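Just below is one structure, and these are the notes that go with it.
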Amino acid sequence: MKIDNSGKLSGTYSAPSKTSARAPSSSSSSAASSDSVQINSLASKLSAIGNDPGNQQPSFDAAKVESIKSAIANGTFSINADKIADGLISSAQELLNS
């Protein structure tokens with residue numbers, strides 16, 4: 001498209017044609033059919049533990065929560081870091097060995 005000295009447009013202008021919707025390519029359909037999910041063994045064990053009704057425990061001990069709450073309010077609550085660390089290590093070992 002050009003503009004000459006007369007101010008008239010010369011040449012033709014055509015709007016870009018619209019393209020039709022693309023059909024899915026064969027590579028994407030073959031990729032969808034080959035998708036897979038792998039769950040590692042630890043995740044499988046955790047899922048099995050969570051789904052076993054024998055392992056279901058109450059979500060929390062209300063009496064213990066109240067005693068901790070009052071100890072915090074009274075300023076008498078103490079944290080035993082060694083006991084917490086031992087419990088975490090023990091839980092991790094149980095998960096890895098089950």
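Keep in mind that what you see is a predicted model, and the values were worked out from it rather than measured.
Remark: L42 CG to S47 OG distance equals 11.0 Å, nearest 0.5 Å. The CD atom of Q93 sits 8.0 Å away from atom CG of L96, with the distance rounded to the nearest 0.5 Å. Interatomic distance, S41 OG to I39 CD1, rounded to the nearest 0.5 Å: 11.0 Å. Remark: N40 CG to K45 NZ distance equals 9.5 Å, nearest 0.5 Å.
Side-chain contact between L88 and I84: present, with at least one pair of heavy atoms (C-beta onward) separated by less than 4.5 Å.
Under the 3.5 Å distance criterion, the side-chain polar atoms of N80 are matched with a main-chain donor or acceptor of D82.
When all heavy atoms of L46 and L95 are compared, the pair lying nearest together is CD2-CD2, 3.3 Å.
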